[in-house]
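Some notes on the structure that comes next.
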There are 2 protein chains.
Amino acid sequence: MHQKYEFKMIHSFKIHSLIHYKMHLSPTEENYLKAIFKLTEEAEKASATTNAIAAEMSIAAASVTDMLRRLSEKELIHYEKYKGVHLKASGRKIATALVRKHRLWEYFLVEKLKFGWDEVHDIAEELEHVRSDELVNRLDEYLGKPNFDPHGDPIPRADGTIPTRQLTPLSALKVGESGILTGLQNHPDSLMRYLRKINIGIGTKIQVLELHDFDESMSVKINDEKEMELSEKVSKSLLLKIT
Amino acid sequence: MHQKYEFKMIHSFKIHSLIHYKMHLSPTEENYLKAIFKLTEEAEKASATTNAIAAEMSIAAASVTDMLRRLSEKELIHYEKYKGVHLKASGRKIATALVRKHRLWEYFLVEKLKFGWDEVHDIAEELEHVRSDELVNRLDEYLGKPNFDPHGDPIPRADGTIPTRQLTPLSALKVGESGILTGLQNHPDSLMRYLRKINIGIGTKIQVLELHDFDESMSVKINDEKEMELSEKVSKSLLLKIT
DNA sequence: AAATATTTTTAGATTAACCTAAAAATAATA
DNA sequence: TATTATTTTTAGGTTAATCTAAAAATATTT
């Protein structure tokens with residue numbers, strides 16, 4: 001009898017640290033990993049603060065602390081009290097897979113279902129939590145294994161690597177230079193609705209005609225046709241492939 | 001001051017009974033409505049019992065009672081203690097919309113992503129909870145507004161109506177008669193994997209060659225080519241359009 | 001109709017994910 | 001460096017959705 005209990009105790013270490021076929025995370029937990037990914041890897045910061053995560057997710061800081069403790073127990077993040085947080089390899093893997101799913105679904109929504117690029121974010125936010133590797137792979141195949149989503153953001157590949165390109169913000173161009181709009185620095189709804197309205201999108205050719213040093217705005221020519229003014233804020237948000 | 005409070009009290013009735021632009025339900029609540037729909041409308045029963053719902057959803061009966069109280073408060077179901085439950089119009093609307101979404105996604109998965117018909121149920125179960133009317137409508141359009149899903153089940157239309165057909169179970173056919181497999185009485189995974197294995201699917205022609213009254217099994221000819229034996233259980237599950 | 005069996009509900013707990021308010025730790029400033 | 005401000009954590013509470021065990025209601029059988 002005593003032997004039996006001892007046997008049991010010796011083997012009572014944490015199982016999930018050995019068997020990690022597939023950890024089951026709630027959509028909420030996945031969203032935390034995504035937020036941390038965005039604040040660290042994508043923004044190239046060493047670590048994310050509790051407050052930054054709270055702001056990113058629009059929840060109270062106390063809730064974040066709570067969840068960080070739990071994600072830390074699951075070995076998905078590296079977290080020390082008061083010291084900020086970053087992803088461990090296992091957490092990064094899950095986060096990139098989520099970004100991959102999100103951007104593939106956005107591609108599907110725009111290319112196949114003909115949604116506008118400013119309409120797809122919230123829907124993809126839900127679709128990305130559907131759990132099926134087979135689904136993602138077949139979707140990828142069906143869409144022709146795209147490398148960039150409708151906003152020009154890179155779509156992480158199945159192996160976790162992320163396609164890159166050399167892009168230049170429109171604001172860095174000199175008079176006479178031109179390029180093709182290929183990505184955005186960031187994409188708040190307001191910017192995307194604005195670009196849609198003035199008919200600028202991924203693939204649009206933009207040439208700098210004139211620079212106004214008073215407010216850093218510029219006059220540009222769109223697709224060799226229309227002329228227009230772009231503010232500093234907009235020109236800094238547009239990433240071009242130089243032609 | 002007193003007046004002000006009185007004014008407030010007079011207007012403090014339940015708001016959700018007036019403003020029902022779009023009630024926000026959790027996936028869990030949606031699943032209860034779907035289960036009740038399946039047990040009443042689809043099975044043509046007057047009402048569903050607590051135990052039946054619990055069995056359908058694989059949860060404890062006590063949990064069901066709890067939820068029935070809450071769905072009843074939201075005016076989605078008609079529920080009296082110990083008397084069983086059925087959907088109110090508002091609940092039925094939500095349930096049919098869910099079935100519509102589920103079956104459209106199944107159609108997408110099979111027709112576009114080339115999944116087998118026995119692989120799509122669980123994935124569609126998640127996809128059906130993605131909340132966007134625009135998405136469903138565009139998906140419907142993209143798929144060519146299909147009326148039946150890959151299992152032959154009717155896809156409810158946007159207006160809530162459900163396409164119908166006159167189908168006959170294979171078990172009711174006499175020797176010599178034949179038809180095209182057009183639907184299934186029910187579709188447990190086991191049946192679908194079996195049918196896949198023996199190469200029978202929607203559209204397959206089946207002709208009765210011989211009836212064996214010992215066990216109610218039958219010999220049939222498949223697509224005018226292959227002969228095989230089908231058990232009573234299988235022949236009762238296959239719904240044909242008589243040719 | 002009484003006894004027994006079954007179904008359903010109630011009571012009381014648990015867990016995840018949030019919250020607010022207060023306390024503690026860290027960072028910034030005088 | 002002492003004080004003040006900010007950030008983060010802790011403490012304690014809430015709600016949704018589940019559970020088990022016990023009680024109550026309904027149904028079935030003798």
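Note: hydrogens, waters and symmetry copies are ignored here, and every other heavy atom, side chains too, is used. Chain identifiers are assigned alphabetically (A, B, ...) following the order of the sequence lines, protein sequences preceding nucleic acid strands; residue numbering begins at 1 within each chain.
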Exercise for the section: Going 5' to 3' through nucleotides 12-24 of chain D, assign each nucleotide B (protein heavy atom under 4.0 Å from a base atom), S (under 4.0 Å only from sugar-phosphate atoms) or - (no protein heavy atom that close). Expected result: ----SBBBBB---
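Between the Thr161(B) side chain and the Arg157(B) main chain, no donor and acceptor come within less than 3.5 Å of each other.
Contacts between residues 34-46 of chain B and DNA chain D, defined by a heavy-atom separation below 4.0 Å, involve no residue at all.
Here the C1' atom of nucleotide dT8(C) and the OH atom of Tyr79(B) are 7 Å apart, to the nearest Å. Between the C1' atom of dT10(D) and the CG atom of Leu68(A) lies a distance of 14 Å, rounded to the nearest Å. Rounded to whole Å, atom P of dT7(D) lies 18 Å from atom NZ of Lys83(A).
Side-chain nitrogen and oxygen atoms of Asn51(A) include at least one within less than 4.0 Å of the OP1 or OP2 phosphate oxygen of dT8(D).
A distance of 12.0 Å separates CZ in Arg131(B) from CG in Asp122(A), rounded to the nearest 0.5 Å.
Residues His121(B) and His102(B) place their aromatic rings such that the two centres sit under 6.0 Å apart.
Between Asp118(A) and Arg193(A) no salt bridge is recorded (no basic side-chain N to carboxylate O distance below 4.0 Å). Between Lys74(B) and Glu29(B), at least one side-chain N (NZ, or NE/NH1/NH2) sits under 4.0 Å from a carboxylate O, which counts as a salt bridge.
Every pair passing salt bridge (Lys or Arg N to Asp or Glu O under 4.0 Å) that includes a residue from residues 42-54 of chain A is listed here, sequence neighbours excluded: Glu42(A)-Arg103(A).
Glu128(A) pairs in a side-chain hydrogen bond (donor to acceptor under 3.5 Å, both in side chains) with only one of the listed residues (Lys101(A), Lys34(A), Arg100(A)), which is Lys34(A).
Residue contacts for Thr50(A): at a heavy-atom cut-off of 4.0 Å it reaches the sugar-phosphate backbone alone, with no base atom in range.
Heavy atoms of other residues, nucleotides or ligands lying less than 6.0 angstrom from NZ of Lys236(A) number 12 at most.
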